[in-house]
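Below is one structure; the comments refer to it alone.
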2 protein chains.
Amino acid sequence: MLSQTEENYLKALFHLTTERASKSEVGTNELAAALNVKPATANDMLKKLKQKKLINYEKYGKISLTVAGRKQAIEVVRKHRLWETFLYEKFEFTWDEVHEVAEQLEHIHSSKLIEKLDKFLNYPEKDPHGDAIPNAKGEIKIQPGKTLLQVAIGKTCKLVAVRDNSASFLQYVVSVGLGLSCKIRVISRQEFDGTTEIEVNGKKSIVSQKFAENIYVA
Amino acid sequence: MLSQTEENYLKALFHLTTERASKSEVGTNELAAALNVKPATANDMLKKLKQKKLINYEKYGKISLTVAGRKQAIEVVRKHRLWETFLYEKFEFTWDEVHEVAEQLEHIHSSKLIEKLDKFLNYPEKDPHGDAIPNAKGEIKIQPGKTLLQVAIGKTCKLVAVRDNSASFLQYVVSVGLGLSCKIRVISRQEFDGTTEIEVNGKKSIVSQKFAENIYVA
DNA sequence: ATATAAAGTTAGGTTTATCTAACAAATTTA
DNA sequence: TAAATTTGTTAGATAAACCTAACTTTATAT
């Protein structure tokens with residue numbers, strides 16, 4: 001059985017490779033940063049995960065998940081997102097509160113518990129942030145859509161997911177008037193820095209490129 | 001914040017002192033046995049818990065919880081029993097399955113989660129094994145009743161709780177035909193070894209003294 | 001193409017929770 | 001009460017997950 005720490009490394013690798021578009025390999029520093037540890041620490045763990053055949057990794061090379069590693073990572077993501085959905089739908093947690101508690105709950109080991117949780121929630125496909133919930137077989141239905149940054153000026157789109165789950169980011173999302181399924185109109189965009197002016201329910205805001213890249217729309 | 005391990009030591013101390021009748025102090029060996037660690041390990045932890053003012057303890061002396069330690073212990077017990085109730089009532093877990101998963105869930109840190117869980121279950125006073133669930137203030141309503149061993153020959157009683165939560169014990173309880181609120185008739189008892197002959201729903205069984213001491217009745 | 005910067009690794013150290021083996025204190029028993 | 005047993009403690013080791021500091025490899029930029 002994997003430790004919580006090992007599970008967290010696999011989950012981070014999954015997010016950095018499969019879920020973050022266009023890049024399917026990561027480096028030690030980037031992984032370390034994502035986990036809030038020093039590169040030296042991540043390096044130790046990489047050796048261990050390689051030894052357990054959960055990642056592909058050679059000294060000074062890039063890192064990727066093996067099939068076995070990816071399977072484990074998806075299971076953790078599945079648990080995380082099911083618990084977020086549970087907290088949001090059944091326990092009146094807010095958008096920005098669910099993540100922190102789900103970070104703990106995702107490490108509970110009990111296949112029966114997850115099966116029952118999934119059933120209790122009626123086999124949801126999305127979590128409260130709009131992210132896809134892998135099913136019991138590890139299959140992911142919904143594909144990551146385009147981001148707000150890719151929406152043309154004048155067009156209107158609908159928020160389907162956010163990529164950053166930190167409470168501070170989510171609180172900012174809310175402060176701009178956004179929520180899941182909100183309609184967003186793109187008013188203008190600055191060429192030189194990617195800043196986008198948007199309108200949500202009559203409220204206008206200017207958001208950074210980085211922000212726009214983290215808002216997934218349809 | 002306490003580690004999971006520290007929480008487990010406090011919980012064990014609570015069970016060994018306050019919940020197990022007649023004895024309000026414990027020794028290192030007994031504590032170590034309850035936690036499945038070696039006495040030397042427990043000894044290390046005792047020093048740490050003393051330093052944190054969670055236990056009363058002097059070298060070669062007996063151990064007891066301080067008010068602060070007891071408060072923390074009760075909080076863990078509360079969480080454990082609420083989760084057991086949740087698993088049993090909402091997720092169709094059986095009597096003997098709830099304990100193991102609750103051992104993990106009891107360490108999730110979120111006061112909001114516990115409040116919501118308590119509310120969701122409608123503020124239960126007993127868990128599926130009949131044990132009292134401390135309320136949000138740490139108060140325990142139901143007092144531990146008498147055991148099957150104390151029931152006179154010929155009398156009928158009702159099972160209200162069991163003291164040992166191991167799956168093997170609970171499975172044995174079930175095999176004798178027992179469950180929460182079951183009626184038990186005491187047919188006879190051997191003087192020399194405390195063995196008790198009982199009848200449950202027409203089924204007769206002979207149980208050991210140790211078994212009878214772990215069955216609480218009203 | 002080489003110097004500098006960035007990324008990655010290694011060595012050695014810390015903390016937490018565990019262990020074994022040896023020892024000391026307290027209790028029981030003959 | 002003295003010996004034997006049980007109970008409790010200490011010292012020294014180990015493994016996991018982290019750190020800092022120094023070093024090496026790879027990438028970048030003039």
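- The listed nucleotides are C:dA17, D:dT10, D:dC18; the one nearest the side chain of B:M45 is C:dA17.
- For B:T5, the listed nucleotide lying nearest its side chain is C:dT18; candidates were C:dT18, C:dT9, D:dT7.
- Using modelled atom types, no side-chain atom of A:W95 and backbone atom of A:L170 make a donor-acceptor pair closer than 3.5 Å.
- Judged by distance alone, the side chains of A:N43 and A:Y57 do bring a donor and an acceptor atom under 3.5 Å apart.
- Counting only heavy atoms from C-beta on, A:T28 has its side chain closest to C:dG8 among C:dG8, D:dC18, D:dT9.
- One finds no side-chain N or O of B:Y9 lying less than 4.0 angstrom from the OP1 or OP2 phosphate oxygen of C:dT16.
- Residue A:K62 places none of its side-chain N or O atoms closer than 4.0 Å to OP1 or OP2 of C:dA7.
- Side-chain nitrogen and oxygen atoms of B:N29 include at least one within less than 4.0 Å of the OP1 or OP2 phosphate oxygen of D:dG8.
- For the pair B:N43 and D:dG8, the criterion of a side-chain N or O lying under 4.0 Å from OP1 or OP2 is not met.
- Closest to the side chain of A:V37, from the set D:dC18, D:dT9, C:dT18, is D:dC18.
- With rounding to whole Å, A:Q51 atom CD is found 13 Å from D:dA17 atom P.
- At C:dT9, one or more side-chain N or O atoms of A:Y57 fall inside 4.0 Å of OP1 or OP2 (strictly under the cut-off).
- Of the candidates C:dT10, D:dT9, C:dT18, the closest approach to any side-chain atom of A:A40 belongs to C:dT10.
- Rounded to whole Å, the distance from NZ on A:K50 to P on C:dT9 is 11 Å.
- Side chain of A:Y60, nearest nucleotide from C:dG8, D:dC19, D:dT9: C:dG8.
- Under the 4.5 Å side-chain criterion, counting only non-hydrogen atoms from C-beta, B:H109 is in contact with B:K79.
- If you check C:dT16, C:dC19, D:dC19 against the side chain of B:K48, the one that comes closest is C:dT16.
- Straight-line distance from the NZ atom of A:K38 to the C1' atom of C:dT14: 15 Å, rounded to whole Å.
- Heavy-atom distances to DNA chain D give each of A:K59 and A:P39 a nearest nucleotide, and the one nearer the 5′ end belongs to A:P39.
- Aromatic ring centroids of B:F169 and B:F211 lie under 6.0 Å apart.
- Here the P atom of nucleotide C:dT9 and the CD1 atom of A:I63 are 7 Å apart, to the nearest Å.
- Summarising the geometry, the separation between CG on A:D44 and C1' on D:dA16 is reported as 10 Å, rounded to the nearest angstrom.
- Ring pair A:F86/A:F120 is tilted by interplanar angle, where 30° to 60° counts as tilted.
- Contact annotation: B:T41 reaches the phosphate of C:dC19 (side-chain N/O to OP1 or OP2, under 4.0 Å).
- At whole-Å resolution of the value, NZ in A:K47 and P in D:dA15 are 16 Å apart.
- Spacing between atom CD of B:Q4 and atom C1' of D:dA16 amounts to 15 Å, rounded to whole angstrom units.
- As a whole-Å value, the separation of A:L49 CG from D:dA17 C1' is 12 Å.
- For B:K47, the salt bridge (Lys or Arg N to Asp or Glu O under 4.0 Å) criterion is met by no residue, not counting sequence neighbours.
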